[in-house]
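As a basis for the values below, the full set of heavy atoms in this structure was taken, side chains included, without hydrogen atoms, waters or symmetry mates. Numbers here are sequence positions counted from 1.
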Amino acid sequence: MKVTVDKILSSSESDEVDELQKHLSLLSDDQLTTMLTNSALKGKDTGVLIKAIFKGSPVSVSHGANRRLLVYKHCIPLCESGDLQTEVASDIIGLLMLETHSLPGQALATLASLYVDAIKVGEMNSGRSLELFPTILTALAATEALAYGKGELSGDEYKKQLINSLCSSRDVPLSAEELQFLIEKILRMFLKLDLQEIPPLVYQLLLLSAKGCKKLVLEGIISYFKKQDQLQKDEQRNGESKDVEVQTIPQDQLRHVEGTVILHIVFAIRLDHELGREFFKNLKMAQSDPLCPFSIALLLSIARIQRYEEQVFEFLKGAITKNFKDDQIQHSSKFLQELLPQCNSVSDMILDTVKNSVFGWDHVTQGLVQLGFILMDSFGPKAGAFGKVSSSEGTSTTAKTPNQQACRLGGQVLLESFKMHEPIRGEILEQVLNRLVTKTALPVTHFIDLLSSIVMSAPMILLESSSKVTETFDQLSYLPLSTVQGLLKAVQPLLKVSMSMKDALILVLRKAMFSSNLDGRKSAVAGFLLLLKNFRILGSLASSQASQAITSSQVQADVHSRYNTAANEAFCLEILSSLRRCLNQQADVRLMLYEGFHDVLRRNSQLASSIMQTLLSQLKRYFEPEQDLLPPLKLDPCISAHGDQVFIQEPLAHLLCCTVHCLLWNQNVRSGGNVSDDEDDEDEEGGVQSELHAILESITKRMIKSELEDFELDKCAEFSTSSSVGVKNSIYAVLVMGLNEVLIEYNFITANYSKNHFEDILELFKRYHKVSEILRERAGKGRPMSSKTPRSLLSLGFISTLLTALFRDSTQSREECLSVLRTSGDFLRYSVSVALQKIQQLEETGHTDGPEGQSPDKIFCHLCDITSVLMWRYTNVPSTVEDAGKKEKGQSVSLLCLEGLLRVFTTVLQRYPTRMSNFLSSLGEGEAEGEKSDLTEQTAFYIRQFQRALMNQLSGGEEEFNSKEAQLLVSILSVLSRQLSPSSQQFVQMITWTVKICKETNFEDISLTKGLLSLLFSLHVLYKSPVSLLWEMCQDIHSQLGDIDQDVEVEKQSHFAIISMKTAAAATLLVLSQVGKVLDEVDWLIAKKKGQISSDRTISGNTQQPLGQQDPIEKAVTIQLGTLLTALHELVQTALSTGPCTDTLMRELSRTYSILTTLSKYYIQLCTTQPGQLPARLEKLVKLSGSHLTPQCYCFITYVQSGELMPGGPEKSKKKKKEDEAVAAASAKVLRETKAIPNLIFNIEQYEKFLILLSKKSKVNLMQYMKLSTSRDFRINAATLEAALQEQEQEQQQDESQQTEDSQPSEETQAPKKKRRKQ
């Protein structure tokens, strides 16, 4: 044998290749392997021998390749056996690695399979030969074709097959630690692999997870894709900023891979429900940051599995609202903003998921649709207060509450899904329309907004589903009017491009016109008016470009021949003839018509003659043509009776109002030269106009001559709502007031500043005022409900013109005629109060009555003009000057102007939040020119003006102080200060000024105190935490009201002069409300920290507690609670009057102890995961609560319970005693019913219980600071008992003798006690 080895080696050294091959061919396989084994075991010449064998085994010859494969097959298990020295094994593997690339493909495949089988069986114990495996795989990937089964595979494909079979390590028995190690290793490999290789690997990982480590697998996959998404997003952002496109991760490829992985995971969860449970458990535990676009898409896919559907949507709903609430809490507190980073927006992630789903994620789209509707259904406006619903409709662009934001997110998800995914469009549209039809009891404004957005984004796509829309039209007469108006407005662009849809609608509206249901008839009128506005006849003026134009390129592909103007004209006239029938229907239906005619005329001016003719003929039915007869209008036909009930049949004032507005508008058009081409029409129209002018002038003259008796109204008339005569008189009064108002507007506009006309206006106003005074007096005597003044018929545009003329018009030529109106204080007050009424209506509903009341832009312009006048009037005519000369009834004009300003600022912020800067710019007449740079500067300019006005009020002394004006000024400052950026210098100045005012103002006005303190708190919380402020205020309250122990003299302190004996109770309630908000923040922070502990449990963190002690959140929580405890310690000792103050204090104390308990639980949890010493600050906090607050709480409880029962000093009269007994009985009843005291005691005891637990966990005796609580079940206060017994004895003696005696004994028993100062 030795000879043979030597021969082989010598042949190899002398390069005798033929000789070498001859020697090798003489050896059998067994001999060769035995030779290699012996050489390796001796550790001598092994490397040289293997080299020689390779040299004599050329790969080109089959027996040479086979010999090489034999060497590999023998050496690999030999190295693994552990019998060889380490150096020898390393040498052998090194040599084999060098020669691997020369092996043929089939040999490489055999070796690779050998490795895989060995690994699966668990034979690779030492792992020495595993270094060779990657080299074999690399060489394998380079081979072009391999026989595999009956076909062929490329080397690379074969390699993937091997890896897959290797990764399915399910067959390998592994311990839990080994499994975890393997999975972590594979997850780390993710980052090194190509994207395309991830899905098969994920598949194998999921199969492997059946053995355990499910959480690790899911977390690893989700975090990998989360990182990839973030990288991709960052690249996109950087690419946009630098105008370069470098994509290391192609977006489409990443999305397709994500889609495949989601399918794999969903499939695995279908088969293994334990995996699903682990997924949800993991999501719920990871509170700090559970979601990302990938995990949301995964959740929505899992929702397709029925058993998880409800769970998925409940979780997503909760996560979305929690995210919005957290965001709101953080935004409203500077203290929280500084402590925590901005939380990730779940709504952005969901919208990202919608965008990503365009890459073939069909399994996600259904979930998106469901989620969108669930959010809109759950968080849409509620039916409770309908007025509020309509007010929120106008602010849909600025959703404020978490519920509104969630509802808006649902709408965005559905709209984006509708745009991107064709298959689900029909379903979305159908579900939206179904909700409009079925949810008649609930407000559906959010669905109407969504439908409108869908129509605007894709009108032509909707035409494909036009049958669904026409089906909805069939239900119109059964739907609420607001829904009908919203629906028709939303689909109106479609009517222009779909004749069939328009025809279907007209049929439905015609039927509705004869509906037995009043709402159905009103819906018909609303629908017809909308059609008249939008189907314009050629030649109509483009004066209002407000025609609901959807001039998108899609719609312009309309077949215009079918919509020629002749057809439009015939169509419009046909509708008008239908509408004329409404003039014989109920007042509500007629009212809708009168309110809509002016808008129709402005948009479709060619209908002027028809409309004017209609109005004229209607007006003539009530007009008295005989010029000598009074009154000029017949009111009897305006009412009708049904049995005992009397109701209005014709809203005559609205008819006159509509006629005046249409007439004046038409007159302006004609005077502008925009007249009709048809002279006959023109003459006819001119005739109608002149006839109407004559009628209106006649009505004006005769209304001035008419007395109240002519309308059967006078001071003696009855106006009660219980009798039919009273109802009839009330209707007449409202009609007369309305008619006078309409005539005031008509005469002012046509007067051209003529003095006589203005005197007529004043006379008309006197008639109006007289009726309104009678109504007010009668309302004062009757029910207060009927005291609400009827809505004014003056238009917003006219109010703007009138106020400007009254207050700002300094033209010399108009001076004389305007002075007629200016001298009437009642008229000035009336003008401003109507403006106030209009602004209030705008704030509540988003529109006003009268022409242009539905156009936001026009309203905004009028608002700017009105505000400018009110501002000028208030700042230039001080209320003190105004009030000095007049002692008239009602509010002063200045005060009304100020109230108007407050309403305007509130309304603009609510309705036009984005146009605040334009609004403020329009107010100044050059005064604020230099400061128009930005919104903060502009706002600060006006804030300074109102600050000066308030300072004037406060510095004027008690006589000149007007509480109402001061309150309004504070409210305006509150509204304006919301516009200041909290980081700006102006905001800091505002806070400094408010603090100064509160510290120096000593007017004992409760309302002003409430306003100023509320302003201070609302500002301070955006600047820094208000706890130190609260402490100072509590000291002031304690100082003002005295101590619960009458023998204690409280040290006099006055940080804030605004807190006095009179205002202390109101201040206490505000302070406690602020304490509640601080406690909310602390509670929220502790919950955040607890969530972090539970989600960080798997990660081995730092176990050293001193590091935890420095945690900024824990430190901040402890300091906040410490300062609050000190503040409450002051309040608990204060002699508060029993009632709201003591009840609220009890509640806040209960909450404080409840939060201290939560904090103790948090530290117990922390001690379990990170044993160590407790922070010193926490010990101080426990000491503060135990030694300072708890004993005082028990004293306070005793004080509250005995507050009303304390006997006063000298003896009281019997009557007084009876009163006291009644009060004591009522007080006892309240105490029996209340749960505040038991709750407080329970929370204190719970706190102590968890402190004992914390003491055991942390090995620190925290209970040393707690005093033993009083046993409160049975207690006898000896002094109180003695005093009560003596008093009872005295009463008995008095009853016996029936005479008054000197109460000497009781006085002697009560020896005077020394007062002691309170430190």
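Side-chain contact between Phe1017 and Leu1030 is present, with at least one heavy-atom pair separated by less than 4.5 Å. Looking at heavy atoms from C-beta onward, Arg1151 lies in side-chain contact with Asp1080 at the 4.5 angstrom threshold. Counting heavy atoms from C-beta outward, Ile1244 and Tyr1194 have side chains that approach closer than 4.5 Å. At least one side-chain heavy atom of Leu1178 sits under 4.5 Å from a side-chain heavy atom of Leu1159. Considering only heavy atoms from C-beta on, Tyr1199 stays 4.5 Å or farther from Asp1043 through its side chain. In this structure, Val1260 and Glu1179 have side chains that are in contact, with non-hydrogen atoms separated by less than 4.5 Å. Looking only at side-chain heavy atoms (C-beta outward), Val1078 and Thr1123 stay at 4.5 Å or farther from each other. Counting only heavy atoms from C-beta outward, the side chains of Asn282 and Glu219 approach each other to under 4.5 Å.
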Could you give me the CA-CA distance, side-chain angles and deciding distance for Leu1013 and Thr1063, then say whether side chain to side chain contact (heavy atoms under 4.5 Å, CB included) is met?
CA-CA 11 Å; Leu1013 288 180; Thr1063 61; over 6 Å; no
Under the side chain to side chain contact (heavy atoms under 4.5 Å, CB included) rule, what do Leu1189 and Leu1184 come out as? Steps first, then yes or no, please.
CA-CA 7 Å; Leu1189 191 60; Leu1184 193 65; over 6 Å; no
Working for side chain to side chain contact (heavy atoms under 4.5 Å, CB included), residues Phe379 and Arg408
CA-CA 9 Å; Phe379 303 113; Arg408 188 181 63 177; over 6 Å; no
Evaluate the criterion side chain to side chain contact (heavy atoms under 4.5 Å, CB included) for residue pair Thr1118 and Lys1180; output intermediate values, then yes/no.
CA-CA 9 Å; Thr1118 318; Lys1180 282 182 189 170; over 6 Å; no
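Between the CG atom in Asp326 and the CD atom in Gln328 there is a gap of 10.0 Å [rounded to 0.5 Å]. Rounding to the nearest 0.5 Å places CD of Glu1032 at 5.0 Å from CZ of Phe1056. From Leu1131, atom CG reaches atom CD of Glu1148 across 10.5 Å, with rounding to the nearest 0.5 Å. In this structure, NE2 in His1129 is found 9.5 Å from SG in Cys1193, a value given to the nearest 0.5 Å. Here the OG1 atom belonging to Thr1190 is positioned 12.0 Å from the CD1 atom belonging to Ile1241, to the nearest 0.5 angstrom. Distance check, rounded to the nearest 0.5 Å: CG of Leu1029 to OH of Tyr1023 gives 12.0 Å.
A pairwise comparison of heavy atoms in Ser1150 and Asn1239 identifies OG-C, 3.8 Å as the closest pair. Contact between Gln1074 and Pro1026 at its shortest, heavy atoms only, is NE2-CG, 4.0 Å. Pairing each heavy atom of Lys1024 with each of Lys334, the nearest pair is N-CB, 4.1 Å. The two residues Leu1136 and Ile1037 have their closest heavy-atom pair at CD2-CG2, 4.5 Å. Of all heavy-atom pairs spanning Met1146 and Ile1197, the tightest one is CE-CG1, 4.0 Å. Contact detail for Ser974 and Ser977: the closest heavy-atom pair is O-OG, 2.9 Å.
Between the side chains of Thr1157 and Ser1160, no donor-acceptor pair is found at a separation under 3.5 Å. Side chains of Gln1120 and Ser1025: a donor-acceptor N/O pair is present below 3.5 angstrom, by distance only. Side-chain polar atoms of Tyr1163 and Ser1258 form no donor-acceptor pair below 3.5 angstrom. A donor atom on one side chain and an acceptor atom on the other are found under 3.5 Å apart for Ser333 and Glu1081.
Applying the 6.0 Å contact sphere to NZ of Lys1089 captures more than 12 heavy atoms from other residues, nucleotides or ligands. For Glu310, the CD atom is loosely surrounded, since the number of other residues' heavy atoms within 6.0 Å does not exceed 12.
Proximity of a side-chain donor or acceptor of Asn323 to a complementary backbone N or O of Asn344 within less than 3.5 Å is detected. Side chain of Tyr308 to main chain of Leu299: no donor-acceptor pair is present (N/O by atom type, distance under 3.5 Å, no hydrogens or angles). Between the Glu1000 side chain and the Ala1057 main chain, no donor and acceptor come within less than 3.5 Å of each other. Gln1133 contributes no side-chain N or O that, together with a main-chain N or O of Ile1044, makes up a donor-acceptor pair within less than 3.5 Å. His1038 contributes no side-chain N or O that, together with a main-chain N or O of Cys1034, makes up a donor-acceptor pair within less than 3.5 Å. For the pair Thr1001 (side chain) and Ile1058 (backbone), a donor-acceptor distance under 3.5 Å is absent. The main-chain N or O of Leu291 is never found under 3.5 Å from a side-chain atom of Ser295 such that the two would form a donor-acceptor pair. No donor-acceptor pair under 3.5 Å is formed between the side chain of Ser378 and the backbone N or O of Leu375. The main-chain N or O of Ala1064 is found under 3.5 Å from a side-chain atom of Thr1068 such that the two form a donor-acceptor pair. Lys1257 places no side-chain N or O within donor-acceptor distance of the main-chain N or O of Ser1255, the cut-off being under 3.5 Å.
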